[in-house]
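Small disclaimer: the values here were computed from a predicted structure and weren't measured. Atoms within each ligand, like the ligands themselves, are counted from 1 in listed order.
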Amino acid sequence: MKRRMAKNDLLRHLHQERLSLLRALGNLADESGASLYLVGGVVRDLLLKREIWDLDLTIEGDGIAFARLVANQYGAGLAVFERFATARLTFLDGLKMDLATTRRESYAQPALLPTVQPASIEEDLSRRDFTINAIAVQLNPHRFGRVLDPYGGQRDLHACIIRVLHAGSFHDDPTRIFRAIRFEQRFGFRLERTTSRLLTQAASTNLIQRLSGPRLQNEILLLLAEHDPVRAIARLAQLKLLRFLHRRLRYTKNVRQVVTAVPKALVWWARRFPASEIDRPIVYLMALLSESSPAVAASVIRRLALSREQAKHVSAGRSWVDRALRRLTGKETIRPSQAYRLLADFSDEALVLLLSKQVCKQQGVGLILLKRRLVAHMKNRTVKTALTGRDLQAMGLEPGPRYKIILGKLLDARIDGMIITEAEERVFVRKWLGNQKVRNEFR
Ligand code: ATP
Ligand code: MG
């Protein structure tokens, strides 16, 4: 079923405006005496007829100077990364375009970032991760649409195969281990036999341990940000890669069940609370660590150099969630305000984890009850007391820690439906103060 690609076939799948822009940039490159190419993932996605968002271009010439020229001509935003000879353009309509100088990379030491030098497009393609990502399409007018595919990327795309370009690839850059899994799972491809052997080999060494925290974090979170991370996580476990997060991290049956329940919980959550923006990768990470001890979770947080915000979510995972879940779905009745207090410190991510844990218990009644409680909780979050600290002061109350207690009581009474109006709040405060006074006098 092999079919030679006619020159302009591939680019025809682009939107008309994008196509015109690429033509214009090809002309501009010609005027500067340089060859310009569309390259990498975007070419792969065009061949797979997937939707294209950002454009990756590479130029045999001075990438940064060319990016400046384009930015001036189109009034696009420009960010320059001198060290990698790349620039990012943001066009007025929001289109993002990465522009790089074609380059050669050398790895002084495995797992560290390479040093880069300008080189030909052929050399630039030869440093890439997989054949399917090593295809370029020329944009200069006399060769517009010419496909450069020296490693058989189109053949492998047709055969649904992920293949490295050389035997030392994973050794040079172990992030490619995670990238291989990402593309394999995203496209439903398989690893070519030798590639699979090389990957298993590289995964069995300690190469990944040499990756810096931010680089490992990037790979893990990208994997967890995929459309269906559940299979990717299972694949990490199968390839014994979870040990690079922590040597004691296991993909037990329980953990698998929680992870598998996350997509369902996310769907329900998004439908119910469309305004809540969930950090999905973090929820999956929380699920993965849901049976780990706090010490293991803390160690994973350090290894991945997670931000303070992310760390807060992840470390909240275990003990609180289990306790809250027991009380919220238990036989004992609890007041709405008690349910609210149980969850008050939970982030939305932690609430989704809570739900996932209940989803995988497959107890119909408990799940319905919990969902109801979550809906009530999200509503209760918007409940406010009419009185403020200033009002309490006006009522003759000395400012102090008591304010927090009184306002908390008011909020609870509102949530429980015992107070509706401001007048009732005032009565409540006076009564409460009276009781306090009596109590103090009896002491
Ligand atoms: P995605 O759709 O996930 O963005 P992508 O293939 O575009 O996939 P990017 O990380 O955006 O991946 O990188 C763009 C291109 O740069 C890749 O297609 C590949 O050619 C090259 N590349 C990226 N990372 C590596 C790497 N670690 N080693 C070699 N080449 C890489
Ligand atoms: Mg990309």
Ligand-side contact atoms (ligand 1) for residue partner [X], heavy atom cut-off under 4.0 Å:
X: Thr175; value: 27 (N)
X: Gly41; value: 5 (P), 6 (O), 7 (O), 18 (O)
X: Asp173; value: 26 (C), 27 (N), 28 (N)
X: Asp56; value: 14 (C)

Tell me which part of [X] gets within contact of ligand 1: side chain, backbone, both or neither, using heavy atoms under 4.0 Å.
X: Asn133; answer: both
X: Val42; answer: neither
X: Asp129; answer: both

In terms of side-chain heavy atoms, does [X] have a donor or acceptor partner in [Y] at a distance below 3.5 Å?
X: Tyr107; Y: Glu105; value: yes
X: Ser307; Y: Gln310; value: yes
X: Arg235; Y: Gln238; value: yes
X: Thr175; Y: Asp173; value: yes
X: Arg128; Y: Asn133; value: no
X: Glu192; Y: Thr194; value: yes

Which residue supplies the protein heavy atom nearest to [atom], what is that atom called, and how far is it?
atom: atom 6 (O) of ligand 1; result: Arg44 NH1, 2.8 Å
atom: atom 3 (O) of ligand 1; result: Arg186 NH2, 2.7 Å
atom: atom 21 (C) of ligand 1; result: Arg128 NH1, 3.6 Å
atom: atom 28 (N) of ligand 1; result: Arg176 NE, 2.8 Å
atom: atom 4 (O) of ligand 1; result: Arg182 NH2, 4.6 Å

| task | Please step through salt bridge (charged side-chain N to carboxylate O under 4.0 Å, His left out) for the pair Asp172 and Arg127, ending with a clear verdict. | result | CA-CA 10 Å; Asp172 282 349; Arg127 66 158 177 102; over 6 Å; no
| message | Is there a polar contact, in the sense of an N or O pair closer than 3.5 Å, between Arg179 and ligand 1? | response | yes
| Between CD on residue Gln201 and CD1 on residue Ile177, distance to nearest 0.5 Å |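 With rounding to 0.5 Å, CD (Gln201) is 10.5 Å from CD1 (Ile177).
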| Below 6.0 angstrom between ring centroids: does that apply to Phe189 and Phe183? | no
| request: Look at ligand 1 and say whether Phe130 reaches it with a heavy atom at a distance under 4.0 Å. | output: no
